[in-house]
Undergrad: 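Sending over a structure as structure tokens; questions will come in a sec.
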Number of protein chains: 2
Amino acid sequence: MTGYVPTYRVILNDLRKSIASGQLKPGDKLPTLSELADKYDCALGTARRALEILLETGEIIGKQGKGTYVAEKKL
Amino acid sequence: MTGYVPTYRVILNDLRKSIASGQLKPGDKLPTLSELADKYDCALGTARRALEILLETGEIIGKQGKGTYVAEKKL
DNA sequence: TACGATTTGTTCGTATGTATC
DNA sequence: GGATACATACGAACAAATCGT
């Protein structure tokens with residue numbers, strides 16, 4: 001089984017793994033939407049969906065015109 | 001000022017208010033995507049965006065082919 | 001059993017706006 | 001002004017699950 005995993009979930013999991021492992025540290029800039037879409041061979045909207053969840057949960061911070069960054073750890 | 005509020009945020013806030021006020025109780029069925037899109041005069045995708053956030057945060061539960069329901073309060 | 005209608009779930013494409021560099 | 005990048009919104013297509021006939 002293992003089931004089907006939607007693309008946006010794959011991206012979401014990968015990013016969370018990168019943050020948890022310290023590969024991406026607080027303040028670090030994440031790949032752009034274009035880079036993610038290219039890496040996972042998906043549409044921009046699909047890549048964005050992963051980021052939207054991380055944004056909503058406060059795990060990353062989006063800065064218009066600049067990029068998205070790993071949020072500072074909150075206690 | 002007062003700032004612009006995106007449509008999906010308006011829907012999100014309204015639904016959260018309905019849940020917090022008890023107007024929508026745990027187990028209750030939420031309006032369908034079509035109904036929300038109709039009520040707020042927006043596209044299905046925009047209405048869905050509000051629900052996706054509530055789904056991600058566990059505030060509601062989606063059941064394919066049936067509808068979306070207010071989640072049981074967790075302790 | 002089979003079919004259609006309904007509803008949620010995923011993905012794509014496009015357009016426009018806003019902010020930064 | 002132009003290029004880059006995030007933010008919102010629309011439309012469309014298809015899959016999967018459910019329900020009623």
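Lettering follows sequence order; numbering is per chain, from 1.
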Undergrad: Name the first nucleotide and the last nucleotide along DNA chain C (5' to 3') that come under 4.0 Å of a heavy atom in chain B.
TA: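 In short, chain B contacts DNA chain C from dT7(C) to dT10(C).
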Undergrad: If you pin Arg48(B) and Thr46(A) to their nearest nucleotides in DNA chain C, which one's is more 5'?
TA: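 Nearest nucleotide further toward 5': that of Arg48(B).
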Undergrad: Any sub-3.5 Å donor-acceptor pair from Asn13(A)'s side-chain atoms to Arg9(A)'s backbone N or O?
TA: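 Judged by distance alone, yes, a pair lies under 3.5 Å.
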Undergrad: Under a 3.5 Å cut-off for both contacts, is dT1(C) paired Watson-Crick or G-U wobble with anything, and if yes, with which nucleotide?
TA: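 Partner of dT1(C): none found under 3.5 Å.
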Undergrad: Group every Ile, Leu, Val, Met, Phe, Trp and Tyr by side-chain heavy-atom contacts under 4.5 Å, then state whether Leu55(B) and Val10(A) land in the same group.
TA: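 No, Leu55(B) does not connect to Val10(A) through the hydrophobic network.
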Undergrad: Among residues at least two apart in sequence or on other chains, which ones pass salt bridge (charged side-chain N to carboxylate O under 4.0 Å, His left out) with Glu35(B)?
TA: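 Once residues adjacent in sequence are excluded, Glu35(B) has no partner under the salt bridge (charged side-chain N to carboxylate O under 4.0 Å, His left out) criterion.
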Undergrad: Lys29(B) vs Lys66(B), test: side-chain contact (heavy atoms from CB on, under 4.5 Å). Steps then yes/no.
TA: CA-CA 9 Å; Lys29(B) 186 177 183 298; Lys66(B) 301 182 66 177; 5.9 Å; no
Undergrad: Using a cut-off of 4.0 Å on non-hydrogen atoms, how would the nucleic acid contact of Leu36(B) be classed: base, sugar-phosphate, or nothing?
TA: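 Contact class for Leu36(B): none.
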Undergrad: Just call it for Ile61(A): base, sugar-phosphate, or nothing, with non-hydrogen atoms closer than 4.0 Å on any strand.
TA: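 Here Ile61(A) touches no strand at all.
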Undergrad: Assuming nearest nucleotide by heavy-atom distance, tell me which of Ala43(A) and Lys66(A) is located more 5' along DNA chain C.
TA: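 Final value for this comparison: Ala43(A).
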Undergrad: Are Leu12(B) and Leu54(A) linked, directly or through intermediate hydrophobic residues, by side-chain heavy-atom contacts shorter than 4.5 Å (ILVMFWY only)?
TA: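 Cluster IDs for Leu54(A) and Leu12(B) differ.
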Undergrad: Under 4.0 angstrom, heavy atoms only, what part of the nucleic acid is Gly45(B) near: base, sugar-phosphate, or nothing?
TA: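 Nothing: the residue Gly45(B), judged by heavy atoms under 4.0 Å, touches no strand.
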Undergrad: Mind checking Gly67(B) for me? I need base, sugar-phosphate or nothing, with any heavy atom below 4.0 Å counting as a touch.
TA: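 Sugar-phosphate contact only.
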Undergrad: Under the 3.5 angstrom rule, does the side chain of Asp28(B) hit a backbone N or O of Leu24(B) as a donor-acceptor pair?
TA: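 It does not hold such a pair.
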Undergrad: Has the side chain of Ser18(B) got a donor or acceptor atom that lies under 3.5 Å from a matching backbone atom of Asp14(B)?
TA: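 Such a contact is found between Ser18(B) side chain and Asp14(B) backbone.
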Undergrad: Looking across every strand, which nucleic acid part, if any, lies under 4.0 Å from Ser34(B) by heavy atom: base, sugar-phosphate, or nothing?
TA: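 Result for Ser34(B) = nothing.
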Undergrad: Distance under 4.0 Å to a non-hydrogen atom of chain A counts as contact; along DNA chain D, which nucleotides mark the start and end?
TA: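 Extent of the interface on DNA chain D: dA5(D) to dT8(D).
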Undergrad: Do Thr57(B) side-chain atoms and Ile53(B) backbone N/O form a donor-acceptor pair below 3.5 Å?
TA: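 Judged by distance alone, yes, a pair lies under 3.5 Å.
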Undergrad: Pro31(B) and side-chain contact (heavy atoms from CB on, under 4.5 Å): which partner among Leu36(B), Ile11(B), Leu51(B)?
TA: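 Checked Leu36(B), Ile11(B), Leu51(B) against Pro31(B); only one passes side-chain contact (heavy atoms from CB on, under 4.5 Å): Leu36(B).
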